[in-house]
Amino acid sequence: MTVPGIISDMDSCSSNDGDSDVNSSGCRERKIIVANMLPLHAKRDGETSKWRFSWDEDALLLHLKDGFSPETEVIYVGSLKKKFYLGFCKQHLWPLFHYMLPMCPDHGDRFDRILWQAYVSANKIFADKVMELLQQHPGLQGKIVLVQIVNPARGFGKDVQEAKEETYMTAKKINDVYGSPNYQPVILIDRPVPRYEKSAYYALAECCIVNAVRDGMNLVPYKYIVCRQGTPGMDEALGVKPDSPRTSMLVVSEFIGCSPSLSGAIRVNPWDIDAVAEAINTAITMPESEKQLRHDKHYRYASTHDVAYWARSFTMDLDRACQDHFSKRCWGIGFGLGFRVVSLSPSFRRLSTDHILLAYKRTNRRAIFLDYDGTVVPKASIIKSPSPEVISIIQTLCDDPKNTVFIVSGRGRTSLSEWLAPCKKLGIAAEHGYFIRWSKDSEWETCPVSADLEWKRIVEPVMNLYREATDGSSIEAKESALVWHHQDADPDFGSCQAKELLDHLESVLANEPAVVNRGQHIVEVKPLGVSKGLVAEKVLSRMVNGGEPPDLVMCVGDDKSDEDMFQSILTSVSNPYLPVAPEIFACTVGRKPSKAKYYLDDTADVLKLLKGLATATISKPRCLPSMQVSFESNG
Ligand SMILES: O=P(O)(O)OC[C@H]1O[C@H](O[C@H]2O[C@H](CO)[C@@H](O)[C@H](O)[C@H]2O)[C@H](O)[C@@H](O)[C@@H]1O
């Protein structure tokens with residue numbers, strides 16, 4: 001359907017000067033829509049047998065153009081219904097993407113090579129047509145030569161032969177189109193090339209491209225760097241002055257082993273042809289001074305990381321990996337795609353009520369920190385307020401004068417204080433400790449971190465992008481934090497988006513006083529310096545300063561933010577201001593790697609344990625005051 005002359009139409013865009021449908025650089029905006037089927041009706045004329053085409057006004061594709069400005073030139077690249085679509089796409093790909101085995105009713109075989117070839121050919125035609133409209137940088141024609149050294153394949157077979165033929169064909173095509181009698185843009189060397197000859201090519205090449213789709217420790221980039229550094233002998237042979245600055249430019253695939261170590265290299269995704277082309281252009285046109293800096297970096301790395309270095313470093317990694325081997329136990333947890341193997345310390349064990357009760361009964365100043373979501377209230381529960389049972393248990397624990405009880409949560413202060421209103425003596429730390437209240441009657445204290453919440457202006461538009469792109473997600477605006485929730489989104493897509501959002505936010509907030517955290521179905525940004533760990537520190541030091549140092553510290557929580565609390569109470573054992581080291585019970589909810597020594601399975605387990613402590617509380621102190629009162633009145 002592409003009419004001849006479409007490229008010359010584009011080339012003549014400069015003649016549009018003064019027209020209203022041109023942009024500031026004199027060219028019309030252009031959008032290329034590549035689709036398997038063109039938005040056309042095709043009909044063969046009965047008399048002339050010629051095809052007649054008309055726009056399919058009902059086709060969605062046709063209406064895509066309504067989303068662009070009226071000046072935009074819209075080009076459709078596509079085909080009419082053909083074998084590749086009704087064959088491979090419909091009979092193989094369509095069932096695969098619908099979790100079914102491909103079926104070929106006409107052929108009986110599961111895989112039909114002819115359909116596959118039709119599919120590949122059709123894709124090639126599409127790609128070629130698009131490339132025709134764009135393969136860039138015409139100024140380099142005549143100035144650049146690609147020397148492609150074909151290393152002999154280690155295997156044989158049809159595939160190798162086909163790949164070779166395609167390489168030859170591509171090289172020929174490029175040379176036919178862009179070459180001239182004195183200029184051959186691609187030189188294909190398909191013979192064993194001795195090391196000295198390869199070294200000569202490396203020494204002369206301004207840029208070395210290693211864009212394998214997968215590779216282990218490819219040494220070519222290092223060899224190239226060393227050859228570009230040269231030796232007195234090579235300098236003499238090439239006529240290079242001994243003290244002249246050296247350069248080397250590398251374009252390497254991000255999927256090869258050496259890619260992360262060469263920080264001066266331009267990294268590309270080898271499947272992204274445009275990116276590879278752009279990288280080559282950048283490498284060639286880069287200022288000499290930068291090429292020198294990159295080479296210095298490359299050479300310093302290659303010369304200090306020799307084989308002996310790798311041997312030492314590998315041994316050290318191996319030692320480190322095996323260090324805890326015998327002191328850990330491995331467990332398989334989860335099901336299906338969520339299945340994973342975790343290694344846990346053998347001292348990590350279930351917290352039994354009997355065990356903690358013994359300590360609870362013999363201690364007189366206890367600090368109890370409880371997370372909210374996933375600890376006292378189930379994560380999956382639609383009702384987020386605490387049940388009457390939870391309220392009653394917490395109330396009983398708070399009523400014991402030997403106890404200082406805190407709910408430490410990421411949630412906002414309004415909902416927490418409303419839900420926990422009956423527990424008058426309960427301390428609440430809201431928004432991960434940005435706000436703290438010691439009891440219902442006391443004022444909220446605000447964490448003395450930077451009051452600068454300007455970063456919210458950066459975070460909000462980014463989160464909005466992800467909210468719009470992820471159906472079912474939402475944004476929660478707290479007083480000190482912003483949270484992106486994806487619990488109601490598609491589980492797989494939601495988690496992928498969350499990972500991407502995390503990366504995105506980390507990079508834009510690099511210099512801001514804010515931190516990004518991933519929680520249960522959430523990505524949260526909060527002020528730097530606010531953590532549940534600080535809450536525990538603050539409460540414990542207030543108890544010490546008030547002359548009531550704790551002799552038992554218990555902390556229960558389920559997620560990453562609670563790990564800060566575990567860390568904090570574990571270090572409190574070595575606090576020099578404590579007359580005696582308190583008994584520590586750090587407990588995570590769910591059997592998973594944690595700083596906590598104990599685990600409980602779920603919120604039901606947590607409540608059972610807290611109920612056990614509450615019962616012990618009622619059976620002793622509550623009776624004591626009432627007996628004293630009656631005794632005094634008698635006297
Ligand atoms: O510190 P926590 O008490 O564990 O609270 C952490 C977060 O709790 C809330 O999010 C959680 O509940 C949401 C439903 O209400 C759910 O969509 C989300 O997946 C859970 O993580 C709260 O909205 C967050 O601000 C807290 O940080």
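We count ligands from 1, going down the list as the structure has it; atoms in each ligand are counted the same way. Please read all numbers here as calculations on a predicted model, not as lab measurements. All heavy atoms count here, side chains included; hydrogens, waters and symmetry mates do not.
Listed by number with element, the atoms of ligand 1 under 4.0 Å from a non-hydrogen atom of Val483 are 25 (O). Close contacts between ligand 1 and Tyr372 involve ligand atoms 3 (O) [criterion: under 4.0 Å to a heavy atom]. Residue-ligand proximity, Lys384 to ligand 1, at heavy-atom distances under 4.0 Å covers atoms 14 (C), 15 (O). Close approach of ligand 1 to Lys532 is summarised as follows: ligand atoms under 4.0 Å from at least one heavy atom of the residue are 1 (O), 2 (P).
Ion pairing of Arg413 with Glu479 is present here, as a side-chain N (NZ or NE/NH1/NH2) and a carboxylate O approach within less than 4.0 Å. A salt bridge links Lys532 to Asp562: at least one charged side-chain nitrogen sits closer than 4.0 Å to a carboxylate oxygen. Looking at Glu524 and Arg518, no side-chain N of the basic residue comes within less than 4.0 Å of a carboxylate O on the acidic one, giving no salt bridge. By the 4.0 Å N-to-carboxylate-O rule, Arg457 lies close enough to Glu454 to be salt-bridged with it. Taking a cutoff of 4.0 Å between a charged side-chain nitrogen and a carboxylate oxygen, Asp564 and Lys595 do not qualify as a salt bridge.
Only the side chain of Asp559 comes within contact range of ligand 1, with a heavy atom under 4.0 Å; no backbone atom does. The backbone and the side chain of Asp373 each have at least one atom closer than 4.0 Å to an atom of ligand 1 (non-hydrogen atoms only). Within the 4.0 Å heavy-atom criterion, neither part of Thr375 lies near ligand 1.
The shortest contact between atom 27 (O) of ligand 1 and any protein heavy atom is with Glu524 OE1, 2.9 Å. Of the protein's non-hydrogen atoms, Gln520 O, 2.6 Å is the one closest to atom 19 (O) of ligand 1. What sits closest to atom 2 (P) of ligand 1 on the protein, heavy atoms only, is Asp371 OD1, 3.1 Å. In this structure, the protein non-hydrogen atom closest to atom 3 (O) of ligand 1 is Ser409 OG, 2.7 Å. Among all non-hydrogen protein atoms, the one lying nearest atom 7 (C) of ligand 1 is Ile522 CD1, 4.1 Å.
Considering only residues two or more places apart in sequence or on other chains, Ser409 meets the side chain to side chain donor-acceptor pair (under 3.5 Å) condition with none of them.
Taking the centre of each ring, His355 and Phe585 come in below the 6.0 Å mark.
Comparing Lys478, Glu476, His521, Gln487 against atom 26 (C) of ligand 1, the shortest heavy-atom distance belongs to Lys478. Remark: among candidates His485, Arg411, Lys379, the nearest residue to atom 15 (O) of ligand 1 is Arg411, based on non-hydrogen atoms.
Under the 30°/60° scheme for interplanar angles, the aromatic rings of His521 and His486 are found to stand perpendicular. Between Trp438 and Phe406, the ring planes are perpendicular. Angles over 60° get that label, and only those under 30° would be called parallel.
For a threshold of 3.5 Å applied to N or O pairs, the pair formed by Val408 and ligand 1 contains no separation below that value.
By the 6.0 Å and 45° rule, Arg366 stacks over the aromatic ring of Tyr360.
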